[in-house]
Protein chains: 2
Amino acid sequence: MFLEALSNPHRLKIIAVLSEGRQYVSELARELGMSRPLLYLHLQKLEEAKLVSSSMEILESGKTAKYYMLNSFHLEINEEMISSLASTLTLKNKNT
Amino acid sequence: MFLEALSNPHRLKIIAVLSEGRQYVSELARELGMSRPLLYLHLQKLEEAKLVSSSMEILESGKTAKYYMLNSFHLEINEEMISSLASTLTLKNKNT
DNA sequence: TATACATGTAATAAAATACTTACATATGAT
DNA sequence: ATCATATGTAAGTATTTTATTACATGTATA
């Protein structure tokens, strides 16, 4: 769910950096001062939420790089929207 | 942070119910099929995020009741907004 | 007094997230 | 061959979040 994807400060930073342009994972990890495995985890969640996309490419150096880019998004969040979102959710309920 | 507050399905349901009108905790717990202590926890997070407010009142029966009501909100979420939000965040960084 | 129903919270358990360490593979340059 | 730098992921640990259980207090009613 996109709201869950946006609930972590690291992921917001990732979005902020990607909003300035696409970047590949290792370089992104350096810019954010974050370990690559951890960055992967966050990127995965952002990708599942369709907030970012990725593509494998070849750097000038000849090494392969996985580029991530930000998908443009625009959401209006208000009571009504949350209510209709809530009605689509299933949550394990003890009673019935 | 309001995005964290909105990242849990129970809390979205709470908002959905409260959007139909104010309600007191015990009754809300029954409507949601949720234990009161758990509901308290979620209501606290929503209140910290300023999404709901509460007030103690006396029921016709004479018992005191803590009413919760939804605060009206409207947020535009897009890359730009996330970027500026991200810049306000401090996150523990290993390297400087 | 016992029952019913309200608030409030402490202590604990369970589950989900976040994070680290370690290693594997591949390519190009020295 | 070794070094540097890329991807990818498994396994384990740590932390945070979520959830339960068990109480305490107060008021009105039977």
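Only heavy atoms go into these numbers, but all of them, side chains included; no hydrogens, no water, no symmetry mates. Because the structure is a prediction, the values reported are computed rather than measured. Labels below follow one simple rule: chain letters A, B, ... track the order of the sequence lines, proteins then strands, and each chain is numbered from 1.
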In whole angstroms, the gap separating P of D/dG8 from CG of A/L28 amounts to 14 Å
Between CZ of A/R30 and C1' of D/dA6 the distance, given in whole Å, is 9 Å
Ignoring hydrogens and geometry, is there a side-chain-to-backbone donor-acceptor pair from A/N71 to A/K50 under 3.5 Å? yes
What residues 37-49 of chain B contributes to the DNA chain D interface at heavy-atom separation below 4.0 Å is B/P37, B/L38, B/L41, B/H42, B/K45
Taken in chain and number order and not counting sequence neighbours, the residues that satisfy side chain to side chain contact (heavy atoms under 4.5 Å, CB included) with A/E4 are A/M1, B/S7, B/P9
In whole angstroms, the gap separating C1' of C/dT27 from CG of A/L59 amounts to 11 Å
Distance test, side-chain N/O of B/S35 to OP1/OP2 of D/dA19, below 4.0 Å
no
Testing the 3.5 Å rule here: is there a donor-acceptor pair between the side chains of B/E79 and A/S72? yes
- Query: Any side-chain donor-acceptor pair under 3.5 Å between B/E57 and B/T64?
  - Reply: no
From the list B/L41, B/V52, B/L18, side-chain contact (heavy atoms from CB on, under 4.5 Å) partner of B/L46 resolves to B/V52
Scoring nucleotides 24-30 of chain D by protein non-hydrogen atoms under 4.0 Å (B base, S sugar-phosphate only, - none) yields --BBS--
Output for pair (B/F2 CZ, A/L6 CG), nearest 0.5 Å, gives 9.0 Å
Does a side-chain N or O of A/H10 approach OP1 or OP2 of C/dT17 to a distance below 4.0 Å, or not?
no
Distance col, row A/L12:CG vs A/H10:NE2, nearest 0.5 angstrom, shows 10.5 Å
From OH of B/Y67 across to C1' of C/dC5 the rounded distance in Å is 13 Å
One should read off an interatomic distance between B/K66 NZ and B/L28 CG, to the nearest 0.5 angstrom, of 12.0 Å
Between CE of A/M34 and P of C/dT17 the distance, given in whole Å, is 18 Å
ask   = Side chains of A/S19 and B/E80: donor-acceptor distance under 3.5 Å anywhere?
value = no
N or O in side chain of A/N8 less than 4.0 angstrom from C/dA18 OP1/OP2: yes
Atom CD1 of B/I14 and atom C1' of D/dA19 are separated, to the nearest Å, by 13 Å
